[in-house]
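To start, the structure under review is shown below, and the notes come after it.
Heavy-atom basis, side chains included; hydrogens, waters and symmetry copies ignored.
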Amino acid sequence: MAKFKRILLKLSGESLMGEKKYGIDEKRLGEYAQQIKEIHDMGVQIGIVIGGGNIFRGLTGAGKGFDRVKGDQMGMLATVINSLGLSSALVAAGVKARVLTAIRMEPIGEFYTKWKAIEAMENGEVVIMSAGTGNPFFTTDTGSSLRGIEIEADAMLKGTRVDGIYTADPEKDPTATKFDEITYDEVLARGLKVMDLTATCMCKENNLPIIVFDMDTVGNLKKVMSGENIGTMVHN
């Protein structure tokens, strides 16, 4: 039995680079599609939000002279490219997938509404919600919090390159220790960078738990959905 009936899976764009320095690593994309298929076969309803940092990040662009609004719009389009890639990999793996966009761009993707997303998930499709919130100045973390709350997900699963939340950056501080679980209040009090502040506060206010785990280790997504104690759970 799956631990949750409906989830919002947040994937990082950077992870899609795999072994490459830029863009999409087809091997990593295929691994993600297989992991998603495993939990889809368990009967889980899946909504996905994916970042665009492997192609373009608006905030980085703004630091290099791009207009912030145009930079963020470029970042939103990067998430659409990643979403199309993931949907293609899922279909190749035998899973029905649909791309919805927060900005109108038919025929690339259908325009997002909550009810369209829920109807598709209930019909067994994996729904990939792209283009962030459709607005500048909001990260894909905030976009995933918003979508997770809208689609009434039981939890947000944040797939990252690390295996949970630590007291400090484990790549920089060898003494950093991992939390098995932590409250939103403690995340905010400690200033831990789980997600940006807006995204964290939205999840806290709407009581949406987050599980942060290492998605790059094949099989971990199914372990989380089977209730194994990997990663870190954030809750009220």
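- Checked by atom type, the side-chain pair S145/T142 shows no donor-acceptor distance below 3.5 Å.
- F4 is connected to V126 through a chain of hydrophobic side-chain contacts under 4.5 Å among Ile, Leu, Val, Met, Phe, Trp and Tyr, so both are in one cluster.
- For the pair K96/R98, no side-chain contact is recorded, criterion being any heavy-atom separation below 4.5 Å from C-beta on.
- Residues L84 and S87 approach most closely at O-OG, 2.9 Å, considering heavy atoms.
- Atom NZ of K114 has more than 12 heavy atoms from other residues, nucleotides or ligands within 6.0 Å.
- For the atom pair CG of L11 and CD1 of I50, the computed distance is 5.0 Å after rounding to the nearest 0.5 Å.
- Other residues, nucleotides and ligands place more than 12 heavy atoms under 6.0 Å from the NZ atom of K116.
- In this structure the side chain of V194 never reaches within 4.5 angstrom of the side chain of I182, judged on heavy atoms.
- Although no hydrogens or angles enter the test, the distance criterion places a donor-acceptor pair under 3.5 Å between the side chain of S130 and the main chain of L100.
- The two residues M215 and Q35 have their closest heavy-atom pair at O-NE2, 2.9 Å.
- You'll find the side chain of V234 stays beyond 4.5 Å of the side chain of E186, heavy atoms only.
- The CG atom of L90 sits 6.0 Å away from atom CD1 of I48, with the distance rounded to the nearest 0.5 Å.
- Atom CE of M202 is separated from atom CG of D196 by 10.0 Å, given to the nearest 0.5 angstrom.
- In this structure, Q34 and A93 approach most closely via the heavy-atom pair NE2-CB, 3.8 Å.
- In terms of hydrophobic clustering, with Ile, Leu, Val, Met, Phe, Trp and Tyr side chains grouped at heavy-atom distances under 4.5 Å, F138 and I128 are assigned to different clusters.
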Are F137 and V69 close enough, and set up right, to give a side chain to side chain contact (heavy atoms under 4.5 Å, CB included), and what steps lead you there?
CA-CA 7 Å; F137 301 99; V69 173; 3.8 Å; yes
Could you walk me through whether M121 and I46 pass the side chain to side chain contact (heavy atoms under 4.5 Å, CB included) test, one step at a time?
CA-CA 6 Å; M121 285 188 296; I46 308 162; 5.8 Å; no
Check against side chain to side chain contact (heavy atoms under 4.5 Å, CB included), E205 and I149:
CA-CA 10 Å; E205 285 171 13; I149 294 158; over 6 Å; no
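- Residue-environment remark: CD (E122) exceeds the threshold of 12 foreign heavy atoms within 6.0 Å.
- Inter-residue side-chain proximity for N82 and I24 is flagged as met; some heavy-atom pair is nearer than 4.5 Å.
- Between K222 and E38 no salt bridge is recorded (no basic side-chain N to carboxylate O distance below 4.0 Å).
- Side-chain atoms of I151 and W115, non-hydrogen and from C-beta on, never get closer than 4.5 Å to each other.
- Taking all atoms of both residues into account, the shortest heavy-atom contact from I103 to G134 is CG1-CA, 4.0 Å.
- Nearest approach of R161 to S15, heavy atoms of both residues: CG-OG, 3.5 Å.
- Annotation: cation-pi geometry satisfied between R147 and Y112 (NZ/CZ under 6.0 angstrom from ring centroid, within 45° of ring axis).
- At least one donor-acceptor pair closer than 3.5 Å links the side chain of T160 to the backbone N or O of V162.
- Nearest heavy atom pair, residue V95 against residue K37, reads CG2-CG, 3.6 Å.
- D25 contributes a side-chain N or O that, together with a main-chain N or O of K27, makes up a donor-acceptor pair within less than 3.5 Å.
- Ion pair K20/E26 flagged as a salt bridge, since at least one NZ, NE, NH1 or NH2 atom sits closer than 4.0 Å to an Asp/Glu carboxylate oxygen.
- L8 and V212 fall within a single hydrophobic cluster, where Ile, Leu, Val, Met, Phe, Trp and Tyr side chains are chained together by heavy-atom contacts under 4.5 Å.
- Salt bridge present: D180 and K178 bring a charged side-chain N and a carboxylate O closer than 4.0 Å.
- A distance of 11.0 Å separates CZ of F56 from CD of Q73, quoted to the nearest 0.5 Å.
- Here the side chain of N54 pairs no donor or acceptor atom with the backbone of M17 at under 3.5 angstrom.
- Within 6.0 Å of CD in E106 there are more than 12 heavy atoms belonging to other residues, nucleotides or ligands.
- A salt bridge links D141 to K158: at least one charged side-chain nitrogen sits closer than 4.0 Å to a carboxylate oxygen.
- No path of Ile, Leu, Val, Met, Phe, Trp and Tyr side chains, each step under 4.5 Å between heavy atoms, connects L9 with I210, placing them in separate hydrophobic clusters.
- With contacts defined as side-chain heavy-atom distances shorter than 4.5 Å, the pair K204/L188 qualifies.
- Atom CG of L208 sits about 5.5 Å away from atom CE of M156, to the nearest 0.5 Å.
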Under the side chain to side chain contact (heavy atoms under 4.5 Å, CB included) criterion, do I7 and I39 qualify, and how do the steps go?
CA-CA 10 Å; I7 60 157; I39 67 164; 3.7 Å; yes
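- The backbone N or O of G143 sits nowhere less than 3.5 Å from a side-chain atom of T133 that would complete a donor-acceptor pair.
- A distance-only check finds a donor-acceptor pair linking the side chain of N123 to the backbone of E119 [under 3.5 Å].
- In this structure the side chain of F213 reaches within 4.5 angstrom of the side chain of L221, judged on heavy atoms.
- Side-chain contact check for Y32 versus L16: some heavy-atom pair is nearer than 4.5 Å.
- For the atom pair M76 CE and N135 CG, the distance stands at 6.5 Å (nearest 0.5 Å).
- In the hydrophobic clustering of ILVMFWY residues, with side-chain heavy atoms under 4.5 Å counting as a link, V187 and I211 come out apart.
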